[in-house]
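Everything on this sheet refers to the single structure shown next.
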Amino acid sequence: MTFDHSEFEAKWQKKWDDAKLFAAADDSGKEKFYVLVEFPYPSGDGLHVGHCRSYTALDIVARQARMSGKNVLFPIGFDAFGLPTENFAIKNKIHPRTATDKNIANFTRQLKSLGFSFDWERVVDTTDPKYYKWTQWIFLKFLEAGLAYQAKIPINWCVDCKIGLANEEVVDGKCERCGGKIERRVKQQWMLAITKYAQQLLDGLETVDFLPRIKAQQQNWIGRSEGAEVDFAITNSSEKIKIFTTRPDTLFGATYCVLSPEHALLEKLKPQIQNWDEVAKYISAAAAKSDLERTELAKEKTGVKLAGVTAINPVSGEEIPIFVADYVLASYGTGAIMAVPAHDQRDFDFANAMNSRPEIKYENPIKIIHVVEPENYEKISENQVSVFAAPAKDEGMSPKDGLIRMLKFQYSEIKKGIESHAFCFAGDGIAINSGQFDGLPTAEFKKKIITFLEEKGVGKMAINFKLRDWVFSRQRYWGEPIPVVHCEKCGIVPLPEKDLPLELPPVEKYEPTETGESPLAAITDWVQTICPKCGGAARRETDTMPNWAGSSWYFLRYIDPRNNQAFADPAKLKYWLPVDLYNGGMEHTVLHLLYSRFWHKFLFDQKFVPTPEPYARRISHGMILGPDGEKMSKSRGNVINPDEIVKKFGADTLRLYEMFIGPFDQAASWSEGGVAGVRKFLEKVWRLFEKLAASPNPELEKSLHKTIKKVSQDIAGRHFNTAVSSLMIFVNEATQVGLPQNLGEDLLRILAPFAPHLTEEIWVKLGHTTSIHLEKWPSFDSALAKDETITLAISVNGKLRDTISVAAEIGKDEALTLAKQSEKIQKWLDGKEIRKEIFVPGKMINFVIG
RNA sequence: GCCCGGGUGGCGGAAUUGGUAGACGCGCACGACUCAAAAUCGUGUGAGGCAACUUGUGAGGGUUCGAUUCCCUCCCCGGGCACCA
């Protein structure tokens, strides 16, 4: 009557495994197709239904590609270094190696229980020394190229994890993993110079097919802005302030400069700064604040005016004050700015804050000089303007009109030479109060002023990125050891290649230390070593790599996973690269995805890989939320365990349900009822084959061809939900009229990638001796997939009034004649003049009447 | 504030070179089978209306013979970035 999935799912999984049915061949004459899913972090919690969504979708793509004659590489592995395992190991007093092996075994069991067509011959594990030998090797290449370096810098220190973090790992001022507090700590750290690749990482995005939101997020993170670097001379000093601005056209309005509290110039100017005590106090107060505090307290701007030191505006020649203020960041641009309070919101706020202090207000208030007038007042948006005090409300005038009236009045005063402290305008426009440049539109002004500055030797065109170099050191045990030694004589000495891998030593205690040193530092006989260069005493580096290291190149290792001479054979790399389709979570867009593109671009420049980009196409799946519509979490108690669904309903049901749940790239809530509905569909399929129809059915054959067409197109477009629904429609129809075997076999073929176990079981029951998964993907006959008769909609004045059934190829005249014969239509047309008759072939007719 | 998504029945969602809104599934109602229930099968199901018909895709405008789809203004939800000069 119905089927018991437990009777055949495990059976087929084992048979496919034993037969190595899905192993990719490196020497195939077929067209290659590399399908990649982000390899999981084998956590103690086991597989998440979110993994299943991603893996099932790409499994379908991989299976369909195989059936269509492609040589498919669909690998899987484990990204197993990382904090949760280490913390689990510490808590339960077991070695992280043991915990990792156990977790990998559990994940493998779960992945196999879902029937994914992974190539199990190519599994990689980032914590395997045979694997991380090459992670270390790539690190040494970075070192050789000068892109890995040590720096003493303030880093993001997670208090709970006791570990330094990259900027990318800090979310809302908190640790990306544990959500704990971040402190600033100055530490000697290994860095990777990802900023050297900022432009390439940006340009590369134009050459690949990434989902628009992924591309936008990467662009956002890289944060390129174009502008100018300008030197401001300092009175009575040979020093100068180098500033970066994106608005060099507002240079005539620069009425003060600001240095960030960390700026090196402050120390140099110390002898001239008359209020050094006050300045020093401000600097140390700023240093004590965390980044989060700095931005949280951003509402009120603070700062100190340097007494006895001023700068010279290079175009106006005006002497202007210098401030130190923490609204200027040391890490961006040159760490110093020219401030244009008339055209920058932040500078305007700061100027107002300072001008409210009596000692500044009465002595020497900050000038607010407007140098840009809006070109078209009607077009300005309200958020380009900020005002010191809201203008008086006028009866019957919209806020925007009030604003425009105020601006027009203010600018007429400004042009009379009166300074206005009332407002700031941040938009583009036409230059005023800018000497010879008056009348120039913003864009043109920018070009001209840069040329002018270059000729005068006080500035140049400049580009800045928000992207910072990658903090690559971690002070924990469970990561790849950084393969260098510190020699008193020779300095930093890389380990020779023959000494790789540098394995993690066994250790008694892998707890993090309070001092912020790696647990490895305590293993004296491992730390103390000899210098490979001079043979003298040396100390090993005790920091390890971040968990992003191993995942930055794993897709390369899949191509040649057992190679001991190289990370992969160049000929194999040339055959398989780039990855044709890569799917993963949105949460990795500015972490893993950016890092791995960076590593790949570096390896390309070093001629180790044949393509400049690793991934030709990147897509992303939406999250699966709990039945309550909230993110699944243990504390909410809304976690769905795939094991339970597989046990109760079967792997095919879980797979099919997760495809049917909604559009692949959008978030979707779990629904128990939906799972049951999909299971019912599969039972319907089963019953259909228990009693096949004897006679052929041309009508049903037409439907089948339509279904083949739709499913093929939907897999290509990754509309898995509608592919499932079209399969349901066909099965419903077949249930009504009976399914002949020849049509049933094609149904099984197109259902096979979705429900591999059930289709294999039925296939064999039909008497076949080879696997359905070796079958050819059916092609459809366009003539059969087309309808001979169609329903033509007839509307009057755009409103549907009747439908008629006609031949698909019907012409306009004939259709109109038939339409006019309809009683319903006659009623609407009766006594009215037909002004227009519109005929859309195959779709509809519209009568426009008076 | 800026940059991406998204807003359609009781629910998940379908339909966009503009052309019958609500496919498919869930839920619900009724019917068949059954002593009964479950399962299964069948019928119906946006709202209002006996019906003719009216109305309906976040709100309001616009273009069009015709708008979920295109344009303008705005609201709400989700994600990312944010004192980035």
Side-chain angles (χ1 to χ4, degrees), chain A residues 1-2 171-172 211-221 223-225 227 243-247 250 258 260 294-295 297-299 301 325-329 331-340 343-347 349-350 381 383-384 386 426 464-468 586-587 589-590 622-623 629 657 660-663 665-678 680-681 683-684 687 719 721-729 731-732 735-736 791-803 824 827 835-849:
Chain A
M1 200 59 200
T2 183
V171 178
D172 293 332
L211 233 49
R213 59 188 162 139
I214 296 173
K215 198 180 271 194
Q217 243 173 272
Q218 291 226 344
Q219 284 165 343
N220 218 330
W221 190 261
R224 181 186 199 269
S225 46
I243 64 96
F244 173 74
T245 178
T246 56
R247 291 295 300 272
T250 61
V258 186
S260 63
R294 265 202 193 187
T295 47
L297 302 169
K299 311 276 178 278
K301 289 195 172 36
D326 67 3
Y327 84 95
V328 174
L329 307 174
S331 56
Y332 183 76
T334 61
I337 61 156
M338 68 173 200
V340 185
H343 298 289
D344 183 282
Q345 164 93 57
R346 296 151 301 177
D347 297 344
D349 292 345
F350 183 77
S381 88
N383 56 40
Q384 286 177 328
S386 37
N464 253 295
F465 295 94
K466 286 193 225 174
L467 187 69
R468 303 266 70 84
M586 279 307 288
E587 70 274 20
T589 302
V590 289
M623 250 195 292
Y657 172 64
F660 191 57
I661 194 169
D665 56 2
Q666 279 170 39
S669 306
W670 190 267
S671 144
E672 194 72 36
V675 179
V678 166
K680 274 202 274 190
F681 162 70
E683 286 174 1
K684 227 177 205 179
R687 280 196 300 273
H719 304 298
N721 53 334
T722 51
V724 175
S725 115
S726 62
L727 286 163
M728 286 172 168
I729 292 169
V731 168
N732 285 344
T735 304
Q736 307 235 333
T791 308
L792 200 64
I794 308 164
S795 56
V796 178
N797 280 354
K799 283 206 168 78
L800 181 75
R801 297 303 179 189
D802 198 9
T803 57
K824 285 185 192 164
K827 199 180 79 186
R835 289 196 189 153
K836 213 169 171 184
E837 291 168 336
I838 291 151
F839 173 68
V840 183
K843 300 266 187 193
M844 52 95 65
I845 285 170
N846 188 23
F847 292 107
V848 185
I849 59 171

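In what follows, chains are A, B, ... by sequence order, proteins preceding strands, each numbered from 1.
- Nearest heavy-atom pair, A:Ser669 versus A:Gly629, reported as atom, atom and distance to 0.1 Å: OG-CA, 3.6 Å.
- The aromatic rings of A:Tyr657 and A:Trp670 stand perpendicular to each other, their planes meeting at an angle above 60°, with 30° marking the opposite boundary.
- In this structure, of B:C83, B:A85, B:C65, it is B:C65 that holds the atom nearest to the side chain of A:Asn846.
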>> side-chain contact (heavy atoms from CB on, under 4.5 Å) for A:Ile337 and A:Asp344? Distances and angles first, verdict last.
In response: CA-CA 12 Å; A:Ile337 61 156; A:Asp344 183 282; over 6 Å; no
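- Residue-level contact check: A:Lys684 touches the backbone only, with heavy atoms under 4.0 Å from sugar-phosphate atoms and none from bases.
- Below the 3.5 angstrom threshold, one finds a donor paired with an acceptor across the side chain of A:Lys301 and the base of B:C83.
- Closest contact between the side chain of A:Ser725 and the listed nucleotides B:A23, B:A14, B:G19 involves B:A23.
- Heavy atoms of A:Arg468 sit nowhere under 4.0 angstrom from any nucleic acid atom.
- Heavy atoms of A:Gly677 sit under 4.0 angstrom from primed sugar atoms or phosphate atoms, though from no base atom.
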Distances under 3.5 Å between protein N/O atoms and the N/O atoms of nucleotides 2-10 of chain B, please, pair by pair.
from : atom 1 : to       : atom 2 : distance (Å)
B:C2 : OP1    : A:Asn383 : ND2    : 3.1

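- Taking the ring centroids of A:Trp221 and A:Phe465, they lie at or beyond the 6.0 Å cut-off.
- Of the candidates B:C41, B:C65, B:G12, the closest approach to any side-chain atom of A:Val848 belongs to B:C65.
- Taking a pair as Watson-Crick or G-U wobble with both distances under 3.5 Å, the runs of three or more consecutive pairs in RNA chain B are B:1-7 with B:75-81, B:10-12 with B:24-26, B:27-32 with B:40-45, B:46-48 with B:53-55, B:58-62 with B:70-74.
- Residue-level contact check: A:Asn732 touches the backbone only, with heavy atoms under 4.0 Å from sugar-phosphate atoms and none from bases.
- Here the side chain of A:Phe244 is nearest to one of B:G80, B:A85, B:U20, namely B:A85.
- Toward the 5′ end of RNA chain B lies the nearest nucleotide of A:Ile661, the other residue of the pair A:Ile661 and A:Lys824 mapping further downstream.
- Map A:Asn797 and A:Leu800 each onto its nearest nucleotide of RNA chain B; the residue landing nearer the 5' end is A:Leu800.
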